[in-house]
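Take a look at the structure set out below.
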Amino acid sequence: MGSTAAAAAEARAPPQRPEVAAKPQTGKASYYGTHDAGEKTASGARFAPDKMTAASPTLPLGTKAKVTNAETGKSVHVTVTDRGPYAKNRILDVTPKAAKQLGMKESGVSTVKVQPLHVPRSSH
């Protein structure tokens, strides 16, 4: 009988608003040079090569995503703090730290899958 009361209470509860959905993306990623250290990013934060952040032309700032290198199978979690990359046919720039963990420091560019895990709501 307790489960019926719990189900009734759940039915009366206001619906949870789902997070903004973002689709997974697959494409080429590169990484920032360390010469950008200390520069302001689109989010207002300073670029730090030793952090796990990324730049995306399409994902909202603040998005947390899992990035998997299709060539090595290695994955990292990053937060989108900047816009870019501006090179043709690239979907993501990651920090040197993330690039090292993904195994892409030697090649400079790798095919990656970007799986958004948390996409913040717009404040508008």
Side-chain angles (χ1 to χ4, degrees):
M1 304 276 172
S3 62
T4 304
E10 187 175 307
R12 288 189 305 270
Q16 295 287 331
R17 288 178 26 165
E19 291 180 7
V20 175
K23 294 181 181 180
Q25 304 173 10
T26 300
K28 297 289 183 183
S30 51
Y31 66 94
Y32 291 90
T34 55
H35 62 277
D36 295 318
E39 295 292 322
K40 254 190 177 177
T41 64
S43 68
R46 298 278 177 191
F47 173 69
D50 62 338
K51 300 292 183 192
M52 299 299 283
T53 61
S56 168
T58 58
L59 290 171
L61 296 175
T63 296
K64 296 190 184 311
K66 178 180 177 182
V67 180
T68 304
N69 183 332
E71 297 153 19
T72 65
K74 295 179 180 180
S75 296
V76 297
H77 287 192
V78 298
T79 302
V80 175
T81 60
D82 205 5
R83 291 290 167 227
Y86 298 107
K88 188 176 180 180
N89 299 322
R90 300 225 182 121
I91 64 167
L92 201 69
D93 265 345
V94 296
T95 59
K97 180 177 182 176
K100 183 177 181 180
Q101 290 184 20
L102 287 166
M104 61 182 277
K105 286 273 302 218
E106 294 297 319
S107 64
V109 178
S110 293
T111 299
V112 297
K113 179 178 181 182
V114 180
Q115 175 65 56
L117 302 173
H118 172 78
V119 181
R121 293 194 174 283
S122 171
S123 58
H124 303 291

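Hydrogens, waters and symmetry mates are skipped; everything else that's a heavy atom, side chains included, is used. Quick note: residue numbers are just sequence positions, from 1.
Taking each heavy atom of Arg90 and Pro85 in turn, the nearest pair found is CB-CG, 3.4 Å. Summarising the geometry of Pro49 relative to Pro96, their closest heavy-atom pair is O-CD, 3.7 Å, with the distance given to 0.1 Å. In this structure, Pro24 and Pro116 approach most closely via the heavy-atom pair CA-CD, 4.0 Å.
Proximity of Asp82 to Asp93: side-chain heavy atoms (C-beta onward) are nowhere separated by under 4.5 Å. Between Leu61 and Arg83, the closest side-chain pair of non-hydrogen atoms falls below 4.5 Å.
Considering Val76, Val94, Leu102 as possible partners of Asn69, the one that fulfils the side-chain contact (heavy atoms from CB on, under 4.5 Å) test is Leu102. Just one of Lys97, His77, Lys64 meets the side-chain contact (heavy atoms from CB on, under 4.5 Å) condition when paired with Met52; it is Lys97.
Taking CZ of Arg121 as the reference point, atom NE2 of His118 lies at 9.5 Å (rounded to 0.5 Å). Note that NZ of Lys100 is 10.5 Å distant from CD of Glu106, once rounded to the nearest 0.5 Å. Gln101 CD to Thr95 OG1: the interatomic distance, rounded to the nearest 0.5 Å, is 8.0 Å. Here the CD-CE distance, from Glu71 to Met104, works out to 8.5 Å after rounding to the nearest 0.5 Å.
Residue Val109 belongs to no hydrophobic cluster, having no ILVMFWY side-chain heavy atom closer than 4.5 Å to its own.
Side-chain atoms of Ser110 and Lys28 include no donor-acceptor pair closer than 3.5 Å. Side-chain contact of Ser56 with Gln25: a donor-acceptor pair under 3.5 Å is absent, judged by distance alone. Ser43 and Thr41 share a donor-acceptor pair across their side chains, judged by distance under 3.5 Å alone.
With sequence neighbours excluded, no residue satisfies side-chain hydrogen bond (donor to acceptor under 3.5 Å, both in side chains) with Thr26. Looking at residues two or more places apart in sequence or on another chain, you find no ring pair (Phe, Tyr, Trp, His ring centres under 6.0 Å) involving Tyr31.
No chain of hydrophobic side-chain contacts below 4.5 Å, direct or via other Ile, Leu, Val, Met, Phe, Trp or Tyr residues, connects Ile91 to Tyr32. Note on Val80 and Phe47: separate hydrophobic clusters, where clusters join Ile, Leu, Val, Met, Phe, Trp and Tyr whose side-chain heavy atoms are under 4.5 Å apart, directly or indirectly.
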Side chain to side chain contact (heavy atoms under 4.5 Å, CB included) between Lys40 and Arg46: does it pass, once the steps are laid out? CA-CA 4 Å; Lys40 254 190 177 177; Arg46 298 278 177 191; 3.7 Å; yes

